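Everything on this sheet refers to the single structure shown next.
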Amino acid sequence: MRFTRLHLDKYGHLTDVALDLPTRAPDLYLVLGANEAGKTTTQDAIADFLFGFGHKTAHDHRHAAADLRVGARLEAGGAPLEVWRKKGRVNTLL
């Protein structure tokens, strides 16, 4: 299973930002950007997407904690799957 797209709908200082990761050989991506461009925020968003948001987060300074959303398009065996994670206590995977 691999990411083909990461969508930061409302996360940290980012709103409606998408990072496309098309299938290529080799499957290695290097993300470059200026200071404060959102590299670490994107890394944290991937962790929150995979493992769920913690009880407290440092990424709710622009958007309310209840509004935080991270989405991804996953691909396994050629079949795409769109999944969203929201901050909450139950049913956070959409």
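Note: hydrogens, waters and symmetry copies are ignored here, and every other heavy atom, side chains too, is used. The model shown is predicted, which means the values in this text are computed figures rather than measured ones.
Linking ILVMFWY residues whenever their side-chain heavy atoms come closer than 4.5 Å, directly or via other members, places L93 and L8 in the same cluster. I46 and M1 fall within a single hydrophobic cluster, where Ile, Leu, Val, Met, Phe, Trp and Tyr are joined by side-chain heavy atoms under 4.5 Å apart, directly or via other members.
Between F49 and V83, the closest heavy-atom pair is CE1-O, 3.6 Å. Between K87 and G54, the closest heavy-atom pair is NZ-O, 2.7 Å. Contact record, T41 with Y11: O-CE2, 3.4 Å, taken as the closest heavy-atom pair.
Residues passing the side chain to side chain donor-acceptor pair (under 3.5 Å) test with T40, sequence neighbours excluded: none. D44 meets the side chain to side chain donor-acceptor pair (under 3.5 Å) test with H59; sequence neighbours excluded. Residues meeting the side chain to side chain contact (heavy atoms under 4.5 Å, CB included) test with R5, sequence neighbours left out: A18, D20, R73. Residues satisfying the side chain to side chain donor-acceptor pair (under 3.5 Å) test with N91, not counting sequence neighbours, are none.
Counting only distance, with no hydrogens or angles, the side chain of K39 and the backbone of G33 share a donor-acceptor pair below 3.5 Å. Side chain of K10 to main chain of D60: no donor-acceptor pair is present (N/O by atom type, distance under 3.5 Å, no hydrogens or angles).
When each of T42, D9, L6, L50 is tested with V70 by the rule side-chain contact (heavy atoms from CB on, under 4.5 Å), just one qualifies, namely L6.
Atom CZ of R89 sits about 14.5 Å away from atom CZ of F53, to the nearest 0.5 Å. Distance check, rounded to the nearest 0.5 Å: OG1 of T92 to CZ of R85 gives 4.0 Å.
Screening residues 60-94 for ring pair (Phe, Tyr, Trp, His ring centres under 6.0 Å), with sequence neighbours left out, gives H7-W84. Applying the salt bridge (charged side-chain N to carboxylate O under 4.0 Å, His left out) definition to pairs two or more places apart or across chains, those involving residues 21-33 are R2-D27.
Taking 4.5 Å as the limit, some side-chain heavy atom of E75 sits within range of a side-chain heavy atom of T23. Taking 4.5 Å as the limit, some side-chain heavy atom of L21 sits within range of a side-chain heavy atom of L19.
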CA sep, side-chain torsions, deciding dist, call: L68, T57, side chain to side chain contact (heavy atoms under 4.5 Å, CB included): CA-CA 10 Å; L68 297 180; T57 181; 3.8 Å; yes

